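Heads up: the structure comes next, in C-alpha cells.
Note that the structure is predicted; figures quoted are calculated from it, not measured. Residues take their numbers from the sequence shown, with the count starting at 1. When reading the values below, keep in mind they use all heavy atoms of this one structure, side chains included, and skip hydrogens, waters and symmetry mates.
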Amino acid sequence: MSTTTASDANRKAPAGERVADWADGRLGIYSLAKANMRKIFPDHWSFMLGEICLYSFLIIILTGVYLTLFFHPSMNEIEYHGSYVPMHGIRMTEAYASTLDISFDVRGGLLIRQIHHWAAVVFLAGMFVHMMRVFFTGAFRKPREINWLFGFLLFVLGMFTGFTGYSLPDDLLSGTGVRFTQGAILSMPIVGTYISMFLFGGEFPGHDIIARFYSIHILLLPGIMLGLVVAHLILVFYHKHTQFPGPGRTNKNVVGMPLLPVYMAKAGGFFFLVFGVIAVISALFTINPIWTMGPYRPDQVSTGAQPDWYMGFAEGLVRVMPGWEINLWGHTLVLGVLIPLVVFGVMLAAIALYPFIESWITGDKREHHLLDRPRNAPTRTALGVAWVTAYMIMLVGGGNDIFATHFHLSINAITWFVRIFFFLGPVIAFIVTKRICLGLQRRDKDKVLHGRESGIIKRLPHGEFVEIHEPLSQAQLHALTAHEQYTPAEIGPSVDENGVERKPTRTEKLRAKLSKGYYGEGNQIPKASVEEYKEITSGHGHH
C-alpha cells in the first residue's frame, strides 16, 4: 500500500537540487560528475608538492588582480609628495610612485604585495622540487612525456613572469636587472640589436618598457600559464595518477582515496594552510623593500644587486665567465655573455628533452604508472643530483659579491672556486650519488635474503655470538623486489639475415654505449631471485 500523499507529490525540490537539474539538462553535469568525481588519487606526501605549486599560483592570480587596481604602469616622471617622507621632492616614474602608494597608502597594500611576491617565490620553489620528484621517480615516462614538457614550460614561463613582475616597480634594483637583461640581449649576434630596439622602443631605458612588461606580466604570460595548468591537470586525470609500488598496486589500477569527498576535503584544507603559511611569511619577512633603494637612474647601480634565486643560475654563469671578446669582420662578439646564454639554453633543452632521451637509450616504449625508487635507477638519480649541484654552485656564483662581503672572503677567490667546481662538483656528485644508490641496492638485497637486523644478540651453544634477523613481511619483500631490471641495448648481429656483413651506424654504437652506462655491469645490483631466497630461508649455510 502506497503512503505517498498529495502534499508529498506537490512538494518542490530544494533550490540547490533544482539548479543542479537545470544545469544537468543543458550541460550533462550528472554523467560528468559520476565519471570523474569518484576518481581515485594515491595518498603520499610527495604528491602535495604539485598542490603547493597550484595553490601558490592561485594566490598569485588573486593578489595580482588586487594590485592591478592601484598600479600605474607609466614611465612619466613626477615629483613625489606621498606618505613616505624620506622620498619627498624626489623625481620618479609614476610606476615607482604608485608602488610606494600601494605600500604606504592603500589599506593592506603592503601585505598583498608581500604575499604576491612570496607566493611567486614559493611557486617556483615548489615547481623546482616537484619536477625533481617527477625526475627521480621516473614519473615522466610514457605516457607522461607531454605533461613533463607542460611542467617544464610552466617553470620557465614562471621565471620570466617573475622577472617582468619585479621589474614593474622601476626601483634601482629592478632597473639594474633590466639593464643586465638588455646587455645580454645585445650580446646576441645579428638579432640582438633588433630585439633590444623592439623591446625597449629605442635606446635604453626608453619610455615604454614598464608598460610593455606590464602587459606581458598580467596578460600574456599568465594566460599561457593558466592554459598549461589546465592542460596539465586534464592529462593527470586522463592518464590517472602515478603511484609507488606496493601490495595490490599495478600498472592497471590506482590505490588511494576518491576525489569526492575525501580528497577534495583534504585539498581544500591544504589550500588554506598554504595560503596561511605564505601570509605569515609575508607578514614577518620583508621582501623587495623598494623604498630603501630609490627610483631607477641609468647612471646608478644598487649595492648587492641580486635577482631572485631562480635566476641565480643564469646570473652566476655570466658573472664567472671570463670577459672574452673576439672581432670578426668588423663586429665584436661578446663571448663573456654569449657563451653563458648558450650554456643556459642547452641545459634547459636537455631538461625538457630528457624523457625522450632516456626512452631512446633504454628502448622502453611501454606505459609506466608505477614509480621507481631513486636508488633503483642509480644513473638517472646521479644525473639529477649532478645537475642540482651545478645549479647550487652557480647560485653561489650569482651572489659572489654577497658571499664576499658577508663572509669576508675574496670575490676573486669565490669566482675561481665557482669556475673550477662548476666542472668538478657535478662529476663528484655523480660518482658519490651512484655509489650510494648501489650501496642501498646491496642493502635491500641483503634485507630480502637475510631479513631485518633486530639488534638482538644471541650466543650459540658453541660460544659464537650472532645477531637475530627478523624476516620481512610479504609487503616489504614486494616493495624491495618489485622494480624492473633492464638489460643494456646491444649493437646487434654483425651480419644481416642474408649473411651480408652489416656495419653498425654511429647512432647504434652511441645508444649501446649509453645503455651500458645506464644498465651495464656495475651500474645496477641484481635483485634477489626466488631461488636465492628459497635457498637462504631453507636453512642451508646460515644461522
Side-chain angles (χ1 to χ4, degrees), residues 57 60-82 84 87 90-106 109-110 112-114 116-117 119-120 156-186 188 191-227 287-291 293-302 305 307-308 311:
F57 181 71
I60 292 170
I61 298 296
L62 293 173
T63 54
V65 170
Y66 182 82
L67 293 175
T68 57
L69 302 176
F70 306 99
F71 182 73
H72 301 293
S74 171
M75 297 185 71
N76 294 329
E77 286 203 348
I78 62 172
E79 191 172 295
Y80 181 73
H81 293 286
Y84 190 62
M87 288 285 182
I90 295 179
R91 294 193 62 80
M92 59 186 65
T93 60
E94 290 186 14
Y96 185 79
S98 64
T99 309
L100 289 178
D101 291 339
I102 292 173
S103 302
F104 297 108
D105 295 312
V106 175
L110 181 58
I112 298 298
R113 269 196 65 226
Q114 298 284 285
H116 188 73
H117 201 139
V156 174
L157 290 176
M159 292 169 57
F160 286 104
T161 306
F163 168 73
T164 55
Y166 74 64
S167 299
L168 291 180
D170 199 30
D171 60 289
L172 191 56
L173 175 62
S174 66
T176 303
V178 175
R179 181 59 157 172
F180 172 87
T181 303
Q182 194 250 359
I185 293 172
L186 288 177
M188 300 171 62
V191 299
T193 52
Y194 294 98
I195 295 176
S196 176
M197 181 185 67
F198 292 143
L199 188 61
F200 291 91
E203 291 295 326
F204 180 87
H207 299 283
D208 303 320
I209 189 63
I210 297 297
R212 293 180 180 183
F213 273 12
Y214 183 70
S215 299
I216 293 171
H217 181 72
I218 71 166
L219 292 176
L220 180 62
L221 294 179
I224 298 174
M225 292 177 69
L226 188 60
I287 189 170
N288 196 25
I290 59 147
W291 53 88
M293 303 168 194
Y296 177 66
R297 290 288 180 267
D299 59 337
Q300 298 177 6
V301 175
S302 62
D308 282 334
M311 299 298 290

Exercise for review: Just jot down the salt bridge (Lys or Arg N to Asp or Glu O under 4.0 Å) partners of D208, sequence neighbours excluded, or say none.
Suggested key: R212
Point to revise | S196 versus Q182, side-chain donor and acceptor atoms under 3.5 Å | key: yes
Review point. Looking at T164 and L168, what are the two nearest heavy atoms and their distance?
Key: O-CG, 3.3 Å
Check your understanding: Does the gap between the ring centers of F71 and Y214 come in under 6.0 Å?
Key -> yes
**Study point:** Smallest separation among heavy atoms of I210 and S167, with atom names
**Key:** CD1-O, 3.5 Å
Review point. Strictly by modelled atom types, are Q114 and H116 linked by a side-chain donor-acceptor pair under 3.5 Å?
Key: no
Practice item. Name the orientation class of the two ring planes belonging to Y194 and F198 (parallel below 30°, tilted from 30 to 60°, perpendicular beyond 60°). Key: tilted
**Study point:** side-chain contact (heavy atoms from CB on, under 4.5 Å) evaluation trace for I218 with F213
**Key:** CA-CA 9 Å; I218 71 166; F213 273 12; over 6 Å; no
Review point. If you take all heavy atoms of R179 and Y296, which pair is closest and at what distance?
Key: CB-OH, 4.0 Å
Exercise for review: Kindly write out the residues that satisfy side-chain contact (heavy atoms from CB on, under 4.5 Å) with H117, not counting sequence neighbours, or none if the list is empty.
Suggested key: V121, Y166, I287, N288, D308
Check your understanding: Taking the side chain as C-beta and beyond, is there a heavy-atom pair between T99 and F70 under 4.5 Å?
Key -> no
Check your understanding: Quick one: does E79's side chain get under 4.5 Å of I90's, heavy atoms only?
Key -> no
Review point. Below 4.5 Å, heavy atoms only, C-beta onward: do L186 and T193 meet side chain to side chain?
Key: yes
Exercise for review: Determine, stepwise, if the pair I290 / L173 fulfils side-chain contact (heavy atoms from CB on, under 4.5 Å).
Suggested key: CA-CA 8 Å; I290 59 147; L173 175 62; over 6 Å; no
Check your understanding: Relative to the ring of Y84, is the ring of F104 parallel (under 30°), tilted (30 to 60°) or perpendicular (over 60°)?
Key -> parallel
Review point. Hey, is NE2 on H207 packed in by over 12 heavy atoms from elsewhere, all under 6.0 Å?
Key: no
Point to revise | Exercise: identify the closest heavy-atom pair between M92 and L100 | key: SD-CD1, 4.0 Å
Check your understanding: Minimum heavy-atom separation for T93 to S74, with atom names?
Key -> CB-O, 3.7 Å
Check your understanding: What's the spacing between Y96 OH and M293 CE if we round to 0.5 Å?
Key -> 8.5 Å
Review point. Does the side chain of S215 come within less than 4.5 Å of H217's, by heavy atoms?
Key: no
Check your understanding: Sub-3.5 Å donor-acceptor pair from the side chain of S98 to the main-chain atoms of H72, do we have one?
Key -> yes
Check your understanding: At what distance, to the nearest 0.5 angstrom, does CZ of F57 lie from CG of L226?
Key -> 5.0 Å
